[in-house]
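Structure, as structure tokens:
Heavy-atom basis, side chains included; hydrogens, waters and symmetry copies ignored. Proteins get letters first, then strands, A, B, ... in listed order; numbering begins at 1 in each.
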Amino acid sequence: SDTVTVGLKNLKLVYSMREGKLTQYINSRSKVKESLEQAFKYYAGYGNDGTETAQASGAYIFRPNDSPSPITPNRKSPLTVFRGPIVHEVHQQINSWIYQTTRLYKGKEHAEVEFIVGPIPIDDGVGKEIATEIKTNLASDKTFYTDSNGRDFIERVRDYREDWNLEVNQPVAGNYYPINLGIYLKDKSKEFSILVDRAVGGSSIKDGQLELMVHRRLVQDDSRGVGEPLNETVCIHDNCTGLTVLGKYYFRIDPVGEGARWRRSFGQEIYSPLLLAFTESEGHWG
Amino acid sequence: GPKTDSLAEALAIVQHHDAVTGTEKQHVANDYAKRLSIGYTEAEKVVAESLASLTVGETKRSPQIKFQQASSDCPLLNISYCPASEVDLSNGKNLVVVVYNPLGWKREDIIRIPVINEKIVVRDSSGKKIQSQLLPILDAFLGLRNYHTVAYLGVSPTVKPKYWLAFSATVPPLGFSTYYLSNAKKDDAIPDKSDTAYASWKK
């Protein structure tokens, strides 16, 4: 078959076998069907060229040098699907430093995406800021919503500020917002939401598209006070490698007006996960 | 006894704007992590004592279970490092998993823990068998696990878990549920191993 479908009950995700990527989201209960594409990309950090006006990308400042570069999946690595009665998993090795698992759990109507990103290679002297994006066909009309410190959601309009006439010099960075709980967009019939397990940057750079910045590694200080580049490493004795991050985000598409319940209640469940403790005992379980 | 003060103090410090946004120097970030880790380790003991207190009814029924001495959680569970769950159940031991729900509503969620045995049966506190599933822990993941346990804990793992065991837990609001994992007998249904499909790029 040209496609593989995963999902245990109401929610199904369809992957293209030929391209090895996500193509469709289907919820048979809510009758939501939507084309979907998910990919990774990176923004090369603007480097400090030593001139007074130069502003390097760094800990305080997100300043991409140019348009993002796509991170194309490694065509030698297959897409692997694990199916069972509790969870369906899709594993994708995007390249040697990006690994992704998408999970659909029994009884849940959202997808969980776990990403492992790093160490980001900087051998070429270029700092990189890694983003994952999901594209849909929703006509969101430049408008999206991001949480305010995990509480209310605030409307954001791309390239627009309510209080002044904005001159757009930074079409990407100028539209990035802090995401603590989640981000969503909507059109007349559907709403597409992403919730996160940690604070990240996020935006909707094109209509119907949402993106999250999941990791950054830069080579220049941005001259805003920290006095060093954002280049975290993990060391065993004196051997250090760039940081690897492992995180999760969750996405879902609902009929318009029906996403808030999930964003509010599941958002609390991400923030306060079940706490596990273990002990051993001998003999019969009882 | 153990207290939560050192964790509270570490959390207070990391509300500084540099800690929130990551604009601190690296050695300061390392110090924040160290303080949080020290606080977490002490608070973990408070949680263990609390669980022992909460589960007193259960320990009266099963006096061989001593949460106070033995309970431990797994801060590196996300990278599949959890010595407490990697118990060899083939020699008659049972693993007791206590699942606490800190929210005010009933929850059903999937628990995923690394295990070394294939033939495991999961029971709830009434003895009812719970459906479960085994998923392989992939080599790429084990590499990450090994590197970071050495880097963060200074521990080189001796046991190599083969699987994630997934099962569904139902937990009451602000309460806990207990699950028992033991070696499967002949007539026990063992966890479903995941079917695997590979999508080759060339196909």
Among residues 105-113 of chain A, which residues come closer than 4.5 Å to chain B, judged by heavy atom distances?
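Those residues of residues 105-113 of chain A which have a heavy atom under 4.5 Å from chain B are Tyr105(A), Lys106(A), Lys108(A).
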
Determine the minimum heavy-atom distance between [X] and [Y], stating which atoms define it.
X	Y	value
Leu51(B)	Ala277(A)	CD1-CB, 3.3 Å
Ala59(A)	Gly22(B)	CB-O, 3.9 Å
Glu280(A)	Val87(B)	OE2-CG2, 3.5 Å
Gln131(B)	Pro85(A)	NE2-CB, 3.3 Å
Ser85(B)	Phe278(A)	CB-CE2, 4.0 Å
Cys235(A)	Ala151(B)	O-CB, 3.8 Å

Looking at Ser265(A), Gly225(A), Ala199(A), which one has more heavy-atom pairs under 4.5 Å with chain B than the rest?
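The answer is Ser265(A).
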
Most contacts with chain B, counted as non-hydrogen pairs under 4.5 angstrom, among Thr241(A), Asn239(A), Thr233(A), Asn231(A):
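Among the listed options, the one with the most contacts to chain B is Thr241(A).
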
Once you round to the nearest 0.5 Å, how far does CG of Asp109(B) lie from CD of Glu269(A)?
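Between Asp109(B) CG and Glu269(A) CD, I get 6.5 Å after rounding to 0.5 Å.
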
Any chance you could measure Gln26(B), atom CD, to Glu228(A), atom CD, to the nearest 0.5 Å?
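One finds 6.5 Å between CD of Gln26(B) and CD of Glu228(A).
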
Are Arg112(B) and Glu114(A) within salt-bridge range, i.e. N to O under 4.0 Å?
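No, Arg112(B) and Glu114(A) are not salt-bridged.
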
Sequence neighbours excluded - disulfide bond (SG atoms under 2.5 Å apart) pairs with any residue from residues 89-174 of chain B:
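Residue pairs with at least one partner in residues 89-174 of chain B: there are none.
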
I'd like to check the ring-ring contact (aromatic ring centres under 6.0 Å, His included) partners of Tyr147(B); sequence neighbours left out, ordered by chain and number.
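By the ring-ring contact (aromatic ring centres under 6.0 Å, His included) rule, Tyr147(B) matches no residue at all.
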
With Tyr271(A) via ring-ring contact (aromatic ring centres under 6.0 Å, His included) - residues at least two apart:
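For Tyr271(A), no residue satisfies ring-ring contact (aromatic ring centres under 6.0 Å, His included) once neighbours in sequence are set aside.
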
Please check if atom [atom1] in [X] has more than 12 non-hydrogen atoms from other residues, nucleotides or ligands closer than 6.0 Å.
X	atom1	result
Lys34(B)	NZ	no
Lys162(B)	NZ	no
Arg198(A)	CZ	yes

Is it the backbone or the side chain of [X] that comes under 4.5 Å from a heavy atom of chain B, or both, or neither?
X	value
Ile61(A)	neither
Arg216(A)	neither
His237(A)	neither

Heavy-atom cut-off 4.5 Å, strictly under: side chain, backbone, both or neither for [X] against chain A?
X	value
Leu181(B)	neither
Val99(B)	both
Asp18(B)	side chain
Ile111(B)	side chain
Leu95(B)	both

Would you mind telling me which of Asn91(B), Leu103(B), Asn101(B) has the largest number of heavy-atom pairs within less than 4.5 Å of chain A?
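Going by pairs under 4.5 Å, I would pick Leu103(B).
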
Among Val28(B), Thr21(B), Leu144(B), Ile79(B), residue most engaged with chain A (heavy-atom pairs, under 4.5 Å)
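Looking at each option in turn, the highest pair count goes to Leu144(B).
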
Apply the side-chain contact (heavy atoms from CB on, under 4.5 Å) test between His148(B) and each candidate in Thr244(A), Leu246(A), Ile236(A); give the one that qualifies.
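When Thr244(A), Leu246(A), Ile236(A) are each tested with His148(B), the side-chain contact (heavy atoms from CB on, under 4.5 Å) holds only for Thr244(A).
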
Which of these passes side-chain contact (heavy atoms from CB on, under 4.5 Å) with Tyr100(B): Leu276(A), Leu275(A), Leu274(A)?
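Exactly one pass, corresponding to Leu275(A).
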
Stepwise, does the side-chain contact (heavy atoms from CB on, under 4.5 Å) test hold for Phe82(A) with Gln133(B)?
CA-CA 11 Å; Phe82(A) 296 99; Gln133(B) 179 184 345; 5.5 Å; no

Report yes if the side chains of Thr23(B) and Arg224(A) come closer than 4.5 Å at any heavy-atom pair, otherwise no.
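In short, these two side chains do not touch, never coming nearer than 4.5 Å.
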
